[in-house]
Colleague: 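Sending over a structure as structure tokens; questions will come in a sec.
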Amino acid sequence: MSDTATAPLLAVDHLTMRFGGLVAIDDVSFVAADRQITAIIGPNGAGKTTVFNCLTGFYQPTEGRLTLTHPRKGPFLLERMDGYRIPQEADVARTFQNIRLFSQMTVLENLIVAQHNRLMRASAFTLAGLVGLSRYTSAEKKAVEKARYWLDKVNLTDRADWDAGHLPYGAQRRLEIARAMCIDPVLLCLDEPAAGLNPRESHDLNRLLLSIRDEEGIGLLLIEHDMNVVMEISDHIVVLDYGRKISDGTPAEVRADPAVIRAYLGEEEDEELPPAVAEDLAAEKTHPERPGGEGA
Amino acid sequence: MEYFVQQLINGLTLGAIYGLIAIGYTMVYGIIGMINFAHGEIFMIGAFTSLLTFLVLGAAGISWVPLALFLALAITMLLTPIYGWTLERVAYRPLRGSPRLAALITAIGMSIFLQNYVQLLQGARNKPMQPIIRGGFELMREGDFVVLLSYLQIFIILLTVGLMIVFTLIIHRTALGRAQRACEQDRGMAALVGINVDRTISLTFVMGAALASVAGFIFLINYGVIDFFIGFLAGIKAFTAAVLGGIGSLPGAMLGGFLIGLIEAFWSGYFTVEYKDVAAFGILVLVLIFRPTGLLGKPDIEKV
């Protein structure tokens with residue numbers, strides 16, 4: 001594990017999730033650092049989304065500990081928090097594989113509703129909002145400003161008043177990321193943000209994610225199938241297969257890991273390997289077996 | 001013509017009551033997709049709370065009418081929602097995520113429970129109250145027939161329209177309203193942007209109950225007689241109004257309320273009083289057959 005001396009932003013320790021007899025995640029541990037993009041990859045059904053669901057309070061993990069060390073507020077044990085408190089207090093935001101916008105609200109409203117808690121507090125739970133107290137109006141003005149900033153970042157300013165459901169697919173994906181950012185997260189979890197995007201959109205997405213990492217200084221956790229995206233922008237990759245961690249390291253390390261190649265391509269060597277993989281296989285022969293293979 | 005105007009005024013007053021109750025049905029349906037059949041009882045409890053408040057105020061010697069009205073209204077709007085909140089907390093929240101039928105039957109059970117609760121505490125007899133606001137304008141006169149717009153009716157309609165405007169503003173302009181709309185569309189996602197979904201649902205019940213309690217207050221000062229059973233019919237009529245306007249739609253509930261009130265008033269004015277309920281429920285049947293989404297309801301968009 002490549003990591004800093006202080007506590008990492010997110011530490012997943014021995015996470016296990018069982019659904020009846022099915023073990024979706026089996027004793028997985030990894031860390032995700034601040035100001036880094038950590039990708040979780042793995043074949044279908046490897047348990048990637050389940051990890052996200054545990055992190056964001058959708059599931060109660062069977063075993064294990066999820067520690068988020070907030071740079072300003074200190075540590076939170078995510079597995080013990082109610083769903084809504086994870087974004088509200090621990091500042092963890094999330095997007096979905098199948099987009100979940102508030103489709104009957106406008107684009108702008110989607111971004112303002114994400115700033116709900118600040119507005120709720122400023123409006124003294126609605127009472128002040130009604131009489132139009134200045135504290136509330138200024139809080140609302142700030143919320144709109146933040147929304148505008150993110151609209152600009154994701155190129156949706158000219159469509160701010162559209163119903164979110166009417167946006168084209170790629171724009172909805174960008175809006176979902178913008179909405180997550182309006183929570184002011186310290187950790188942003190993205191579930192397949194590049195799914196269904198064309199190459200150009202996917203390229204723009206890479207730039208957006210890198211700029212979030214560099215300008216906002218937060219940690220990103222990414223589930224992605226598109227290896228171009230993963231290899232290009234990740235600082236750190238965790239590979240899952242059948243609910244177990246089979247590899248963990250930098251993109252170059254993971255790419256060269258025989259366990260990963262086996263998981264993706266099966267045991268036997270195939271004649272018609274894609275060139276990149278064939279190269280890796282060749283490289284593997286020159287290196288001896290890497291540590292940290294099966295089982296984590 | 002004179003008769004028509006009089007029935008119009010009566011219908012609007014009645015419609016105000018239905019509209020205020022219907023908003024509670026529609027908001028609760030919007031946010032958790034259940035019909036809260038105990039909502040009519042909240043209206044009834046609101047009427048009783050008003051009556052008791054008036055009695056206490058009378059005993060305390062507050063006889064200046066505007067002050068008494070204001071205090072009674074404020075106390076009713078403060079106390080009755082506690083029932084709405086408790087109802088959700090005790091009866092509905094534990095059933096969240098269970099089949100809809102369970103929640104529906106619980107609602108009916110709570111309705112029966114609350115009726116009996118009031119019957120036991122307050123007795124089954126009619127409770128009369130002296131009219132508080134007397135007098136009015138004489139709008140038209142034809143022979144013996146006088147079209148009267150009473151101060152009471154003006155007060156009721158202004159109060160109702162005012163409250164409807166305030167609640168529409170809450171839903172559209174405030175953080176709470178946005179949270180309610182967000183929960184309505186996707187509760188799971190709402191939690192993920194940090195909205196306390198349970199609290200938002202509780203507040204929705206509280207808001208609905210506050211409006212229903214105002215309807216009870218209006219019923220009391222307008223008709224002057226209440227009993228423990230008034231919530232049943234008024235509740236069902238208001239439900240009809242919500243369906244007519246398009247359940248889940250706030251302006252729909254208001255429109256539906258006024259329409260049902262008018263239909264009832266005109267039916268009893270021009271046809272038979274005995275069959276006015278048939279008229280109102282006949283409308284429900286027609287709406288369900290020909291326009292199940294109601295007048296202002298949005299059709300469900302089916303995603304493929």
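Note that the structure is predicted; figures quoted are calculated from it, not measured. Chain A is the first sequence line, chain B the second, and so forth, proteins listed ahead of strands; every chain is numbered from 1.
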Colleague: How about A:R65: does its CZ atom have over 12 heavy atoms from other parts shown lying under 6.0 Å from it?
Modeller: no

Colleague: Tell me whether B:R173 is salt-bridged to A:E109, with the criterion being a basic N under 4.0 Å from an acidic carboxylate O.
Modeller: no

Colleague: Per the side-chain contact (heavy atoms from CB on, under 4.5 Å) rule, which among B:I195, B:V193, B:L176 passes with A:H116?
Modeller: B:I195

Colleague: Please report the shortest heavy-atom distance between B:Q185 and A:F102, naming the atom on each side.
Modeller: OE1-C, 2.9 Å

Colleague: So, for A:Y84 and B:N196, which heavy atoms are closest and what is the spacing to 0.1 Å?
Modeller: OH-ND2, 2.9 Å

Colleague: Should we count NZ of A:K73 as having more than 12 external heavy atoms under 6.0 Å?
Modeller: yes

Colleague: Working to the nearest 0.5 angstrom, can you tell me the gap between A:I99 CD1 and B:M189 CE?
Modeller: 11.5 Å

Colleague: How about CZ on A:R148, more than 12 heavy atoms from neighbouring residues, nucleotides or ligands closer than 6.0 Å, or not?
Modeller: no

Colleague: Side chain, backbone, both or neither: which part of A:I183 has a non-hydrogen atom closer than 4.5 Å to chain B?
Modeller: side chain

Colleague: Counting only heavy atoms not in B:Y29 (residues, nucleotides, ligands), do more than 12 fall under 6.0 Å from its OH?
Modeller: no

Colleague: For B:R96, does the CZ atom sit with more than 12 other heavy atoms under 6.0 Å from it, leaving out its own atoms?
Modeller: yes

Colleague: Of all of B:G188, B:A190, B:A179, B:G194, which one pairs up most often with chain A through heavy atoms under 4.5 Å apart?
Modeller: B:G194

Colleague: Please determine, among A:D91, A:V92, A:I112, the option with the most heavy-atom pairs under 4.5 Å with chain B.
Modeller: A:I112

Colleague: Tell me whether the count of non-hydrogen atoms from other residues, nucleotides or ligands lying under 6.0 Å of CZ in B:F70 goes above 12.
Modeller: no

Colleague: Is it the backbone or the side chain of A:R179 that comes under 4.5 Å from a heavy atom of chain B, or both, or neither?
Modeller: side chain

